[in-house]
Amino acid sequence: MSSADPEQSLSPAELAAREQAEKERKAREDAEQAQLPYKWTQTIRDLDVTAPIPANIKGRDMDVVLTKSKIKVAIKGQEPFLEGDLPHPIHVDESSWTLETTPTPPGKEVSIHLDKVNKQEWWAHVVTTAPKLDVTKISPENSSLSDLDGETRAMVEKMMYDQRQKESGGMTSDEQRKADLLKKFQAEHPEMDFSNAQIG
């Protein structure tokens, strides 16, 4: 297996084409997400959803149901703006919803906090019927990785790196480390013949 970075073996035209395809994918994803009647963000541990509602709505006017695997958010008597099966389970006791007043434009929003059971997994969507995000493109920077303790953070970064490498046909971090160790050892022992060495 060559230790060359797969990115480097592409011609500038191929790289440009890949970049263009990635831009189009992102634009399509953004457009799909913009169509949703709610906005959502996530960290590796939890997920937050907000949706604008009329300023005259009170908590008792809301119909919000959170179970381990389902969600429903509606104003009583109206079509839900979020309802369906969650792609992954949540801790119901740690999840909650609130009504908040928004300054611009003056109004309110319902804010739903979902606590993920699996703290090492990105969600592609809030409910399984919604358009998916490409979770392999989520980078640690926009996920509050800094909130995690050092060990968890290192593990999450390694998982994400390995996932990206697997997708692009590159080496995982473990394979890379073995290759680097072998290279270092070779450099320290030029008298040895490594032409038939197998790493694995």
Side-chain angles (χ1 to χ4, degrees), residues 25-105 107-164 167:
R25 182 202 64 76
K26 186 82 180 83
R28 208 169 39 246
E29 201 173 78
D30 289 347
E32 287 175 344
Q33 294 299 316
Q35 297 298 308
L36 298 171
Y38 53 85
K39 290 192 176 358
W40 65 289
T41 56
Q42 66 178 319
T43 71
I44 200 84
R45 294 163 173 263
D46 48 30
L47 188 136
D48 289 288
V49 185
T50 56
I53 56 167
N56 60 341
I57 296 294
K58 306 258 191 306
R60 63 174 179 272
D61 302 322
M62 295 298 299
D63 180 11
V64 180
V65 181
L66 298 176
T67 71
K68 188 173 181 173
S69 59
K70 286 186 186 308
I71 186 170
K72 176 184 175 188
V73 184
I75 296 168
K76 283 181 185 159
Q78 294 184 22
E79 275 295 298
F81 31 78
L82 176 57
E83 182 176 31
D85 294 320
L86 300 169
H88 307 287
I90 60 166
H91 289 296
V92 179
D93 295 345
E94 302 296 323
S95 301
S96 58
W97 67 275
T98 54
L99 274 191
E100 291 166 17
T101 304
T102 56
T104 51
K108 285 186 179 170
E109 67 179 14
V110 58
S111 176
I112 302 107
H113 176 77
L114 304 178
D115 189 69
K116 298 177 181 179
V117 168
N118 183 343
K119 306 288 188 200
Q120 297 170 18
E121 180 171 50
W122 298 110
W123 287 24
H125 38 200
V126 184
V127 286
T128 53
T129 50
K132 282 185 168 188
L133 293 179
D134 183 347
V135 293
T136 62
K137 302 289 192 259
I138 295 178
S139 62
E141 299 74 57
N142 61 9
S143 66
S144 310
L145 262 194
S146 53
D147 297 350
L148 305 179
D149 61 70
E151 202 175 308
T152 312
R153 177 179 178 165
M155 183 179 67
V156 169
E157 283 175 333
K158 177 180 174 316
M159 278 169 22
M160 294 171 79
Y161 174 82
D162 288 349
Q163 178 71 32
R164 282 198 293 270
E167 308 252 318

Return the [atom1] to [atom2] distance between [X] and [Y], rounded to the nearest 0.5 Å.
{"X": "Lys26", "Y": "Arg28", "atom1": "NZ", "atom2": "CZ", "value": "12.0 Å"}
{"X": "Leu99", "Y": "Ile57", "atom1": "CG", "atom2": "CD1", "value": "8.5 Å"}
{"X": "Asp85", "Y": "Thr67", "atom1": "CG", "atom2": "OG1", "value": "8.5 Å"}
{"X": "Lys108", "Y": "Met62", "atom1": "NZ", "atom2": "CE", "value": "10.5 Å"}
{"X": "Gln33", "Y": "Leu133", "atom1": "CD", "atom2": "CG", "value": "4.5 Å"}
{"X": "His91", "Y": "Lys116", "atom1": "NE2", "atom2": "NZ", "value": "12.0 Å"}

Give the minimum heavy-atom separation between [X] and [Y], together with the two atoms involved.
{"X": "Val126", "Y": "Pro87", "value": "O-CD, 3.0 Å"}
{"X": "Leu36", "Y": "Ala130", "value": "CD2-CB, 4.4 Å"}
{"X": "Pro80", "Y": "Ala74", "value": "CA-CB, 3.5 Å"}
{"X": "Asp63", "Y": "Lys76", "value": "CB-CG, 4.0 Å"}
{"X": "Pro37", "Y": "Ala51", "value": "O-CB, 3.7 Å"}
{"X": "Ala55", "Y": "Gly107", "value": "CB-CA, 3.8 Å"}

*asked:* I'd like to know whether Asp115 forms a side chain to side chain contact (heavy atoms under 4.5 Å, CB included) with Ile90, so could you lay out the CA-CA distance, the side-chain angles of the two residues, the decisive distance to 0.1 Å, and finally the verdict.
replied: CA-CA 5 Å; Asp115 189 69; Ile90 60 166; 5.6 Å; no
*asked:* As a quick check of understanding, evaluate side chain to side chain contact (heavy atoms under 4.5 Å, CB included) for Leu82 and Trp40, giving each step before the final call.
replied: CA-CA 11 Å; Leu82 176 57; Trp40 65 289; over 6 Å; no
_Considering only residues two or more places apart or on different chains, which pairs with a residue in residues 67-88 satisfy ring-ring contact (aromatic ring centres under 6.0 Å, His included)?_
His88-Trp123
_Suppose the criterion is salt bridge (charged side-chain N to carboxylate O under 4.0 Å, His left out): which pairs have a residue in residues 46-62, not counting sequence neighbours?_
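Counting only pairs at least two positions apart or across chains, no salt bridge (charged side-chain N to carboxylate O under 4.0 Å, His left out) contact touches residues 46-62.
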*Any chance you could lay out the side chain to side chain contact (heavy atoms under 4.5 Å, CB included) test for Ile44 and Trp122, step after step, and finish with the verdict?*
CA-CA 6 Å; Ile44 200 84; Trp122 298 110; 3.3 Å; yes
*Could you walk me through whether Val127 and Glu83 pass the side chain to side chain contact (heavy atoms under 4.5 Å, CB included) test, one step at a time?*
CA-CA 7 Å; Val127 286; Glu83 182 176 31; over 6 Å; no
